[in-house]
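Computed from heavy atoms alone, side chains included, the values below leave out hydrogens, waters and symmetry copies. In the text below, chain A, chain B and the rest are named by the order of the sequence lines, each starting its count at 1.
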Amino acid sequence: MSREPDVGRELALQHGLTGEEYERAVAALGRTPTYTELGIFSVMWSEHCSYKSSRVHLKNLPTEGPRIVQGPGENAGIVDIGSGIAAVFKMESHNHPSYVEPYQGAATGVGGILRDIFTMGARPIASLDSLRFGALDHPRTRYLVGGVVAGIAGYGNSIGVPTVGGEVAFHPSYNGNILVNVFSVGIARRDKIHRGVAAGLANPVIYVGSRTGRDGIHGASRLASSEFDAASESKRPTVQVGDPFTEKLLLEACLEAMKQPGQVVGIQDMGAAGLTCSTVEMAARAGAGMEIDLDNVPLREEGMTPYDIMLSESQERMLLVATPATERRVRDIFEKWDLEASVIGRVTDTGRVKVISKGRIVADMPAEALVDGAPRYRRPSARPAWQETVQALRLQEVPDLADGNEALIRLLAAPNLCSRQAIYQTYDHMVRTNTVVRPGSDAAVIRLKGTERALALAVDCNSRYCHLDPAEGARLAVAEAARNIACAGGVPIGTTDCLNFGNPEKPEVMWQFEESIKGIAEACRALAAPIVGGNVSFYNETEGKSIHPTPTIAVVGLLEDVRGALTQWFRREGDLIFLLGDAEASLAGSEYLALVHGREAGRPAAVELAREMALHEALRGARDAGLIASAHDCSEGGLAFALLECCISGPGGAVGAETRLEGKGRLDALLFGEAPSRVIVSAPPESRARLEHAGGSAGVPVRLLGRVGGIRLTVSVGGTRVVDLDVARARSAWSAALEEHLRG
Amino acid sequence: MKFGIVVFPGSNCDHDVYHVAKHVLGQEAAFLWHKDASFAGIDCVVLPGGFAHGDYLRCGAMARFSPIMKAVEGFAARGGLVFGICNGFQVLAEAGLLPGALVRNAGLQYVCRDVYLRSERQDTPFTARLKQGAVLKIPIGHGEGCYYAPEEMLKELEERRQVVFRYCDAAGQVTAESNPNGSLRSIAGVCNERGNIMGMMPHPDRCAEEVLGSADGRRIFESILHGWQPARRLRI
Amino acid sequence: MKARVYVTLKRGVLDPQGKAVCTSLHQLGYREVTDVRVGKCMEVTLGGLPRREAEQRLKAMCEKLLANPVIEDYRFEIHEE
Amino acid sequence: MKARVYVTLKRGVLDPQGKAVCTSLHQLGYREVTDVRVGKCMEVTLGGLPRREAEQRLKAMCEKLLANPVIEDYRFEIHEE
Ligand SMILES: Nc1ncnc2c1ncn2[C@@H]1O[C@H](COP(=O)(O)OP(=O)(O)O)[C@@H](O)[C@H]1O
Ligand SMILES: [Mg+2]
């Protein structure tokens, strides 16, 4: 074995630690760390693993509620959904790896989040993906889209977890730094939930799954915790390759092992920072210690050093703690599934993680110091000077429309608004036969077999709003995700987030982050959808340019009766069309303004959370009373575009509608302006009185817009037809657009 | 009736078929681990969808060597019903129990969506409840479902009426546009000469209940029930 | 001993992947390319067999597993080290 | 002119496919196989270029499209006909 480098401040700096952090490490140990220990400090104290810049702020998020079984801090959050079952969910980012190698980056992102779910004893039942790419005319965009989408499909389809929804947006701020966020939800029996704890003195610690190779060494500290630049190219060997087949075996074997009570004491996946993170966190959670011998770790390559083994991020591996009595049975189960299982150590009561290699102690560190003792920063924050400028919007400079047809035709084929079918059709969204509402409606609905219930799932974030006003943008993201759930007929029960930002060492970025947290906290509190877990991804920058702040929000909702699930498209000729909520909308930050006038400016229309809540309740009330046939959230593209979507997004083909809008002021704002708390519903004529009454008593305006029918969508304002489109033609243009954009 | 559902490492529609057999049809169902080979009491063996053995190399290539495949062959030789869905079809084709091969979709992409199928014959145990020409709405979910066989083999298949399902449009017309993967002659499902082994790429297990958007797939499972034990006809 | 096994689609079997690669190369300006066929190449390391026997066994591996005779052809080369 | 392009995974990069094929071969009794790596091989037909230039252009095609330099190596041979 080659001689290990001398540990000192210099080497610590090369590992991404600061001088003070290094001193802190020396103090925690009471001596100079060994080389392996330095590696361990560097990953455990990296931004990605320690949340050192975000922790002080994340504390402000609401994490409690009557249904919450497990809030943040475990591998995934857990919410009670009745009948002794719980929903286990979380969202994770895999941004940097996906930029470097889109297929494998995205694939291993899916693999990672799925492990987080089944680690808890839950069987994953559905995933969502939230994607952000650069402008379509950027030379790498098409390549990245192709690779990322294929990677998500490749992994998710194989392992048999349906990808039932998500979002995709294109914006130049992601040209050099795409976002790949994946959400996954699983189902567990409440009494079979497992946690990542190394409990029980002398219990065996078992390594299961793939062998350890050199892949991904320093993935967490170098890729996920620093900015991108041209030198990132040389970081390429850190790319990991996913093996969904092995993960499928791992999933089945782990669930089988966890089924028998008491057989598995604790279990955690080896994700970022692999063996290091899993040993240290499991020990720290249990207030215990662990001693492992690296000679027993199954290796894929020769000549791996203790440093390599501890830091490897090879995929499809788990660490579990059994008992002396159950060890044999656990190993038999893994053997049945053709997986390697080897006892690599024991639980101790020293509070320390001791690592032995070839009879030599290569690391001996207090677990607490690595986790709770990690540095925490309240980094300086400052509102960027440009915030004022981008918020200024002088509409006088923007010419109004005489007619909305042409603009609507442009919008329906726009990269951010056209149908996502070309993407979600490559995802298996039906496996497990639970998908009651497939991708293509506001929220996906997944039935829970053996019950009447179902889960509704939606993910959202409009990062243009967040760029213009981070706090409001975050509130709007939560409100929209929750509104999507309400449109599908669900009640939000929990939220997970993936907070994608630039470099936290920059005060402007930190300010965006703090503002976003404030917005999320307020909205989740008001909408009674506590945060049960999430992920922070900083350093999303290229050559000093940060992405738009992108706090992606995924909300999970519950439907007591799956038969009450609603979809967004008009269903029957002759149904009446209503707008629930205010017609008032704003061009500020709208897709229309960006697309047609090339401007991203103004302050997005603010959400009044009490009104939002009232809207959701009115909507669910109407649904429960059987009054409505469809419900669709009005978001990007405004009222006119939402109406068009109601006409053309149904799986059975297009249906026309004749509508009339009232409104003073600008036509473009009336048609394409955006605002929260608005939903288009369709209802049979006989429901009208009761619907209006229900809205009235909830304080939610109910406005008749028109009637479903015919083969055209028409919109009249003040007696003039400002939109008149053949819906079948619109549907085919909207459906084909994304594929055409991607073909180039 | 008892369905035996083969579980290969990598099968992922095993639970879906089990659910249909047990909870939708109310029949008995059992999982058959690929390393075992006991078929005691099984009336119909189903090879479910998924990606057996990772689908590495070629779909179904490695699964055909699982110990259970010998037993499947023996079971079929004795006249037992063998039904391959999606990956299960690929395995049966690789094993030579069904003619032809499934290759990469012409569009190169994995495709998950509803398609229409036309039933080509009623006199198989899998289609007893489907009139010839009946049209089913049914999901597909595959990346390698393009049916291929050399020209002479195709001719033979047609002569022996081994094509059980073809992709078609909602009206039952077989057109180029309604073929989702480039399958030759729009073939979606074939059977062996004797008619007791059938494989199809679309997923009847994904459309056996109205709540999932179509219950057309149930008719195939009901055909199996009906065709296998006529005595039970009245109970269905 | 190392063997390289090449598995290619039979003439007559459509190769959409090859076609797609060809189209992409055209889009990138490589107009001189007139056709692309995509196949697999496997590097098999094997130990301790006389060459003659290795050849026989490789042939069997190809026929049983590595290639599907309905759609694919194969050939292999053995390199001693 | 025909070129054969071979694209293989870099050493050290996990090859789940090769691993699975190797396991399968073992199960079939081919215990002598100690390792399998699976790669792609592409047969590119190109017309009307002097060899030197063809080489340069093939190199560029590999780097731009045919191989992903992050995880793959490539090599090619040119055969005149
Ligand atoms: N990356 C994706 N993966 C799967 N489904 C997606 C993806 N992007 C969008 N979808 C689906 O397409 C539909 C439209 O998405 P989007 O325009 O974001 O809806 P909304 O405006 O209601 O938020 C939704 O059903 C969504 O789940
Ligand atoms: Mg959205």
Within residues 28-46 of chain D, contacts to chain C at heavy-atom distances under 4.5 Å involve D:L28, D:G29, D:Y30, D:E32, D:V33, D:T34, D:D35, D:V36, D:R37, D:V38, D:G39, D:K40, D:C41, D:M42, D:E43, D:V44, D:T45, D:L46
Chain D neighbours within residues 67-78 of chain C, where any heavy atom lies under 4.5 Å away: C:R75
Do any of residues 52-62 of chain D have a heavy atom less than 4.5 Å from a heavy atom of chain C, and if so, which, in residue order? D:R57, D:A60, D:M61
With a 4.5 angstrom heavy-atom cut-off, which part of C:L49 approaches chain D: side chain, backbone, both or neither? side chain
For chain C, find its close neighbours in residues 4-16 of chain D: heavy-atom separation under 4.5 Å, sorted by number, or none. D:R4, D:Y6, D:R11
